[in-house]
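As structure tokens, the structure follows; a few thoughts come after it.
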Amino acid sequence: HVQLVESGGGSVQAGGSLRLSCVVSGNTYSNNYMAWFRQAPGKQREGVAVIEAADGTKTYAQSVKGRFTISLSDAKNTLYLQMDSLKPEDTAMYYCAAATARRLYSLLSPSRYNYWGQGTQVTVS
């Protein structure tokens with residue numbers, strides 16, 4: 001049993017920063033991958049960033065590389081997304097997710113993520 005709860009969304013001007021948090025409860029060590037996804041109105045859900053719990057390897061979508069940073073607390077119970085140099089096109093509902101699969105071959109695809117948070121809205125103007 002795993003629960004994910006996001007927070008930290010809000011409205012910010014272009015060029016500004018936000019920090020999103022995702023608190024993980026339940027069996028934290030069953031989550032081999034943890035990731036952030038986003039979905040704008042009328043668009044498909046897209047992967048933003050993923051971190052492998054075992055070794056900390058990070059993968060980013062090209063659209064956010066160099067601007068966003070994903071991290072996981074040492075206890076693996078809190079996932080973060082530091083978002084800098086925000087652009088209007090970053091506006092979306094942001095979701096954290098966890099995958100229990102031992103290995104993912106498409107890290108930013110949502111299909112094999114088992115658990116999802118409720119989402120937190122990010123608006124950049």
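Keep in mind it's a predicted model, so treat the numbers as computed, not measured. These values consider heavy atoms only, across backbone and side chains, with no hydrogens, waters or symmetry-generated copies.
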- Message: side-chain contact (heavy atoms from CB on, under 4.5 Å), that's the test. Do V2 and S30 meet it? Break it down for me.
- Response: CA-CA 9 Å; V2 174; S30 68; 4.0 Å; yes

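- Expressed to the nearest 0.5 Å, how far CG of D90 lies from OG1 of T123 amounts to 11.0 Å.
- Under a cutoff of 6.0 Å and an axis angle of 45°, R19 and Y80 do not form a cation-pi pair.
- To the nearest 0.5 Å, the span separating OG on S17 from CD on Q82 amounts to 5.5 Å.
- Follow the hydrophobic side-chain contacts under 4.5 Å out from L79 and you never reach Y33; the two are in separate clusters.
- Looking at every heavy atom in both residues, A61 comes nearest to G47 through CB-O, 3.5 Å.
- The two residues V122 and G9 make their nearest non-hydrogen contact at CG2-CA, 4.2 Å.
- A heavy-atom distance below 4.5 Å is not found between the side chains of N31 and K76.
- Closest non-hydrogen pair, G8 versus L18, comes out as O-CD2, 4.0 Å.
- Interatomic distance, T100 OG1 to N114 CG, rounded to the nearest 0.5 Å: 3.5 Å.
- Criterion: ILVMFWY side-chain heavy atoms under 4.5 Å apart, direct or through other members. Under it, V12 and M93 are not part of a common hydrophobic cluster.
- Y95 has its side chain out of reach of Q118: every pair of non-hydrogen atoms, C-beta onward, lies at least 4.5 Å apart.
- The shortest side-chain heavy-atom distance between L81 and F68 falls under the 4.5 Å cut-off.
- Summarising the geometry, atom OG belonging to S85 is positioned 7.0 Å from atom CZ belonging to R67; distances are rounded to the nearest 0.5 Å.
- The 12-atom threshold is not exceeded at CD of Q13, counting heavy atoms of other residues, nucleotides or ligands nearer than 6.0 Å.
- Taking the six-membered ring where the residue is Trp, F37 and W116 present tilted rings, their angle falling between 30° and 60°.
- Hydrophobic clustering (side-chain heavy atoms under 4.5 Å, transitive across Ile, Leu, Val, Met, Phe, Trp, Tyr) keeps L107 apart from Y94.
- The main-chain N or O of C96 is found under 3.5 Å from a side-chain atom of E6 such that the two form a donor-acceptor pair.
- H1 has its side chain out of reach of N27: every pair of non-hydrogen atoms, C-beta onward, lies at least 4.5 Å apart.
- Following chains of ILVMFWY side-chain contacts shorter than 4.5 Å, one cannot reach V48 starting from L108, and the two form parts of different hydrophobic clusters.
- The only option from L20, T59, I51, V64 that meets the side-chain contact (heavy atoms from CB on, under 4.5 Å) definition with I70 turns out to be I51.
- Cluster annotation: W36 and L4 are assigned to the same hydrophobic cluster (Ile/Leu/Val/Met/Phe/Trp/Tyr, side-chain heavy-atom contacts under 4.5 Å, transitive).
- T91 places a side-chain heavy atom less than 4.5 Å from the side chain of Q121.
- Rounding to the nearest 0.5 Å gives a distance of 8.0 Å between CG of N77 and CG of L72.
- Taking NZ from K65 and NZ from K58, the interatomic distance works out to 13.0 Å, rounded to the nearest 0.5 Å.
- Within 6.0 Å of CZ on R45 lie more than 12 heavy atoms contributed by other residues, nucleotides or ligands.
- The two atoms that bring A99 and L104 nearest to each other are CB-CD1, 3.9 Å, heavy atoms only.
- You'll find the side chain of E46 stays beyond 4.5 Å of the side chain of Q39, heavy atoms only.
- Under the side-chain hydrogen bond (donor to acceptor under 3.5 Å, both in side chains) criterion, S109 pairs with S111, sequence neighbours left out.
- Between C22 and T78 the shortest side-chain heavy-atom distance does not fall below 4.5 Å.
- A heavy-atom distance below 4.5 Å is not found between the side chains of M34 and Y113.
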